[in-house]
Amino acid sequence: MYKIKGIITAIGDIKTTKLGTAVQQLHFEQETGRMFYPFALGTKIEILSDFLPGDVAEMEFHISGSKGTYNNVIIDSLVRV
C-alpha cells in the first residue's frame, strides 16, 4: 500500500464495469505536481462523496493486477488534511 498527499482536482461520474462493479475516478495532484488518476471501487465510492475539487487530502492506494474498465491504481482510503 502507498500513501501520498495532494490536491483533488476533479471527481468523475460513477460508472459500472461489465461485471457490475461501480467505479468512480478521482484526479489527484501530488505535492510534486505529478498527477494520479485512481479509482474507487464498490463501497469505497462513498469515501469520495465528502470531497470537492480543491480539497487537500492524504490518499492510501494499492496497485491492482487488473487492467479492465479501470486503471490499476485503487483507492483504499482518503482523508482530508
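Computed from a predicted model, the values in this text were never measured in an experiment.
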**ILVMFWY cluster membership beyond Ile45 - transitive side-chain contacts under 4.5 angstrom** = Ile14
**Request:** Return the set of residues passing salt bridge (Lys or Arg N to Asp or Glu O under 4.0 Å) with Glu29 (not counting sequence neighbours), or none when no residue passes.
**Result:** none
**Prompt:** How close do Pro38 and Phe28 get, heavy atom to heavy atom, and via which atoms?
**Reply:** CD-CB, 4.4 Å
**Request:** Identify the heavy atoms of Pro53 and Ala10 that sit nearest to each other, and give their distance.
**Result:** CG-CA, 4.2 Å
**Message:** Taking salt bridge (Lys or Arg N to Asp or Glu O under 4.0 Å) as the definition, give me every residue that meets it alongside Asp76, ordered by chain and number, with sequence neighbours left out.
**Reply:** none
**Message:** If I take atom NZ from residue Lys5 and atom CD from residue Glu31, how far apart are they, to the nearest 0.5 angstrom?
**Reply:** 5.0 Å
**Prompt:** Linking I/L/V/M/F/W/Y whenever any side-chain heavy atoms sit under 4.5 Å apart, do Ile4 and Ile63 land together?
**Reply:** yes
**Request:** Answer whether the closest heavy-atom distance between the side chains of Thr16 and Val23 falls below 4.5 Å.
**Result:** no
**Message:** Counting the benzene-type ring for Trp, do His27 and Tyr37 have ring centres under 6.0 Å apart?
**Reply:** yes
**Message:** Tell me whether Phe36 shares a hydrophobic cluster with Tyr2, the cluster being built from Ile, Leu, Val, Met, Phe, Trp, Tyr side chains joined at under 4.5 Å.
**Reply:** yes
**Message:** Looking at every heavy atom in both Phe61 and Val73, which two are closest together, and how far apart are they?
**Reply:** CD1-CG1, 3.5 Å
**Message:** Would the distance check show the side chain of Thr17 and the main-chain N or O of Thr21 forming a donor-acceptor pair, the cut-off being under 3.5 Å?
**Reply:** yes
**Asked** With hydrophobic residues grouped by side-chain heavy-atom distances under 4.5 Å, do Val81 and Met59 end up in a single group?
**Response** no
**Prompt:** Under the side-chain contact (heavy atoms from CB on, under 4.5 Å) criterion, do Ile8 and Leu26 qualify, and how do the steps go?
**Reply:** CA-CA 7 Å; Ile8 297 169; Leu26 180 73; 3.4 Å; yes
**Fill in**
Output for pair (Gln24 CD, Ile75 CD1), nearest 0.5 Å, gives 8.5 Å
**Message:** Whether the side chain of Arg80 engages the backbone of Glu58 through a donor-acceptor N/O pair (distance < 3.5 Å, no angle test) should be reported.
**Reply:** no
**Asked** If you look at every heavy atom in Ala40 and Leu48, which pair is closest and at what distance?
**Response** CB-CD1, 3.9 Å
**Complete:** Heavy-atom closest pair (Ile47 atom, Ser77 atom, distance to 0.1 Å) is CD1-CA, 4.3 Å
**Asked** Could you state the interatomic distance from CG (Leu78) to CD (Glu60), rounded to the nearest 0.5 Å?
**Response** 10.0 Å
